[in-house]
Amino acid sequence: MAELSRTMEISSNEALSVQKFSGERETGASTQQKKHAEMIKHLADLNNARLQQSQSRKSETLSAPVFESVEAFVKRFSQNKQKIQRTLDEFLEKGDNQEKSLVKSGLEALSAEITDLEKLAAENSYFLPSYEARAARNAIAELNERLDYANSNLLPKKKFSFRNKASKSNPKERDENPNENNKNSINAHEKNNSFAYDAPGVRNKNGIVVVNNLDASRDGDFALSDLVDCKIYLRGRLRAFFIHKLKCCQVFAGPVMGSVLIEEAENCVFMLASHQIRIHQTVNTDFYLRVRSRPIVEYASNVRFAPYALFYRGIDEDLQESDLKDETGMWANVDDFRWLRAVASPNWSILPEDDRLPLLDISDLKAEEKAVP
């Protein structure tokens with residue numbers, strides 16, 4: 001009997017030991033799970049913190065004057081500008097095949113990015129050369145105008161602009177008063193680009209041939225104005241190129257690192273490579289272009305476009321240094337700011353291949369100015 005009692009006591013103790021071990025094991029497993037969950041949460045918190053810091057650094061970098069170097073500023077500015085341009089192009093290419101709410105939010109976001117770009121230029125302007133500061137202002141103005149164009153096409157029923165309402169006019173009123181609007185447009189462009197008339201260039205000539213070698217670091221901007229029956233050959237790079245009131249002229253130029261602005265050209269031929277080109281008040285004129293963004297035409301008619309076809313010794317290096325080495329095909333994607341209908345604009349067309357000029361080699365032309373023979 002005593003032996004049976006002792007056996008039962010041992011069994012009871014063993015059961016208690018097993019139960020205790022099992023409980024400890026479960027408690028240990030629970031603790032491990034809890035620690036694992038805490039570790040996962042900690043890692044997630046660290047990752048979120050890193051993301052927030054990264055976004056904060058990006059925002060600070062965009063708006064803060066951290067460059068103190070023209071090259072660094074131009075590189076960052078160009079990258080951000082091209083990103084905005086690509087996104088705007090994507091919205092416009094999709095047209096009406098996208099949700100209006102997404103378009104609205106997307107264009108609002110682009111408006112904010114343009115504002116950030118404007119701050120970037122303003123806060124770094126104290127060390128920029130005047131031509132770089134002007135090029136940045138012009139680029140921002142063109143982005144804002146293109147944003148308005150996207151708003152007009154993709155959100156036509158909206159009565160407001162994402163920018164200053166005072167600068168927006170009624171498109172219907174503009175179309176009903178083309179002469180007045182035309183006058184206002186020209187005056188606005190003359191006011192915004194009056195500095196072009198202080199740039200070196202060729203002005204008030206009739207029936208001459210000009211061959212010139214240019215250097216972007218020395219010449220910066222270049223202007224042509226009030227020319228008739230002239231031929232202009234420009235080798236080398238420019239920062240910006242301004243063309244005003246040309247009739248029956250031919251202009252062949254090396255790469256432009258910034259923008260080209262053409263106003264009031266008639267019966268002309270232009271062969272140009274640039275990051276941007278805007279064409280106003282131009283008729284019966286052919287353009288041979290290499291361009292990084294869509295050419296813009298306004299108040300133009302019977303203008304035709306073809307790819308760039310100029311050569312001189314050293315042009316490959318000039319194109320490379322101007323970030324224009326690659327053919328983008330943008331010369332054929334023209335935006336007519338005065339044609340807001342869904343069908344293609346009748347004011348411009350692709351120049352037929354049979355009518356195009358062959359590759360033009362100006363390597364051996366002597367630098368001079370002389371009368372047209």
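Remember, predicted model here, so these are calculated numbers, not experimental data. As a basis for the values below, the full set of heavy atoms in this structure was taken, side chains included, without hydrogen atoms, waters or symmetry mates. For reference, positions follow the sequence shown, starting with 1.
Considering every non-hydrogen atom in both V256 and S259, the closest pair reads CG1-O, 3.6 Å. For the residue pair V260 and L272, the shortest heavy atom distance occurs at CG1-CD1, 3.9 Å. Closest heavy-atom contact between D336 and S345: OD2-OG, 2.7 Å. Annotation for G106 and F91: closest pair CA-CZ, 3.7 Å, computed over non-hydrogen atoms.
Applying the ring-ring contact (aromatic ring centres under 6.0 Å, His included) test to pairs two or more places apart or on separate chains, those with a residue in residues 250-278 are Y233-F252, F270-F287.
Between the S78 side chain and the R76 main chain, no donor and acceptor come within less than 3.5 Å of each other. Of the possible polar contacts, one joining the S274 side chain to the Q276 backbone as a donor-acceptor pair under 3.5 Å is found. In this structure, the side chain of D326 does not engage the main chain of T328 through any donor-acceptor pair within 3.5 Å. For T285 (side chain) and V283 (main-chain N/O), a donor-acceptor pair under 3.5 Å exists by modelled atom type. With hydrogens and angles disregarded, no donor-acceptor distance shorter than 3.5 Å links the side chain of D355 to the backbone of L351. Under the 3.5 Å distance criterion, the side-chain polar atoms of S111 are left unmatched by any main-chain donor or acceptor of L107.
One hydrophobic cluster holds both L365 and M271 under the rule that ILVMFWY side chains link at heavy-atom gaps under 4.5 Å. Connection of I277 to I350 is established within a shared hydrophobic cluster, with ILVMFWY side chains joined at heavy-atom distances below 4.5 Å, either directly or through further cluster members. There is no path of hydrophobic side-chain contacts, each under 4.5 Å, that joins V228 to V251. Criterion: ILVMFWY side-chain heavy atoms under 4.5 Å apart, direct or through other members. Under it, F337 and L92 are part of a common hydrophobic cluster.
Between R146 and E142 no salt bridge is recorded (no basic side-chain N to carboxylate O distance below 4.0 Å). Using a 4.0 Å cut-off between a side-chain N of Lys or Arg and a carboxylate O of Asp or Glu, D286 and R356 do not qualify as a salt bridge. Salt-bridge annotation for K247 and E264: absent, with no side-chain N of the basic residue lying under 4.0 Å from a carboxylate O of the acidic one. Salt-bridge formation is detected for the pair D335/R294: a Lys NZ or Arg NE/NH1/NH2 atom is positioned less than 4.0 Å from an Asp or Glu carboxylate oxygen.
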### Task
Please step through salt bridge (charged side-chain N to carboxylate O under 4.0 Å, His left out) for the pair K245 and E263, ending with a clear verdict.
CA-CA 6 Å; K245 287 188 177 180; E263 293 182 339; over 6 Å; no
### Message
Does R278 form a salt bridge (charged side-chain N to carboxylate O under 4.0 Å, His left out) with E145? I'd like the steps, not just the answer.
### Response
CA-CA 11 Å; R278 297 183 63 182; E145 187 168 354; 2.4 Å; yes
### Query
Is there a side chain to side chain donor-acceptor pair (under 3.5 Å) between R235 and N213 once you walk through the steps?
CA-CA 5 Å; R235 292 182 294 244; N213 297 315; 2.7 Å; yes
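Checked against side-chain contact (heavy atoms from CB on, under 4.5 Å), S349 has the following partners two or more places apart in sequence or in another chain: R304. Qualifying side-chain contact (heavy atoms from CB on, under 4.5 Å) partners for E327, counting only residues two or more places apart in sequence or in other chains: R290, P307, W331. For R292, the side-chain hydrogen bond (donor to acceptor under 3.5 Å, both in side chains) partners at least two apart in sequence or on another chain are Q82, D323. For V202, the side-chain contact (heavy atoms from CB on, under 4.5 Å) criterion is met by K205, I208, V210, F222, L224, L227, not counting sequence neighbours.
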Please report, to 0.1 Å, the donor-acceptor pairs under 3.5 Å made by any side chain of residues 309-317, with sequence neighbours excluded.
unit_1, atom_1, unit_2, atom_2, d
Y312, OH, G236, N, 3.0
Y312, OH, D318, OD2, 2.7
R313, NH1, D364, OD1, 3.3
R313, NH2, D364, OD1, 2.6

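Between the CG atom of N151 and the NZ atom of K104 there is a distance of 10.0 Å, given to the nearest 0.5 Å. Here N80 contributes atom CG and L120 contributes atom CG; the two are 6.5 Å apart, rounded to the nearest 0.5 Å. One distance of note links CG of L246 with CG of D229; it measures 10.5 Å at 0.5 Å rounding. Atom CD1 of I262 and atom CD1 of I279 lie 5.0 Å apart (nearest 0.5 Å). One finds the CD atom of E118 at 6.5 Å from the CG atom of N144 (value rounded to the nearest 0.5 Å). With rounding to the nearest 0.5 angstrom, the CZ atom of R86 is 11.0 Å from the NZ atom of K81.
Atom CD of Q79 sits in a crowded spot, with more than 12 heavy atoms from other residues, nucleotides or ligands closer than 6.0 Å.
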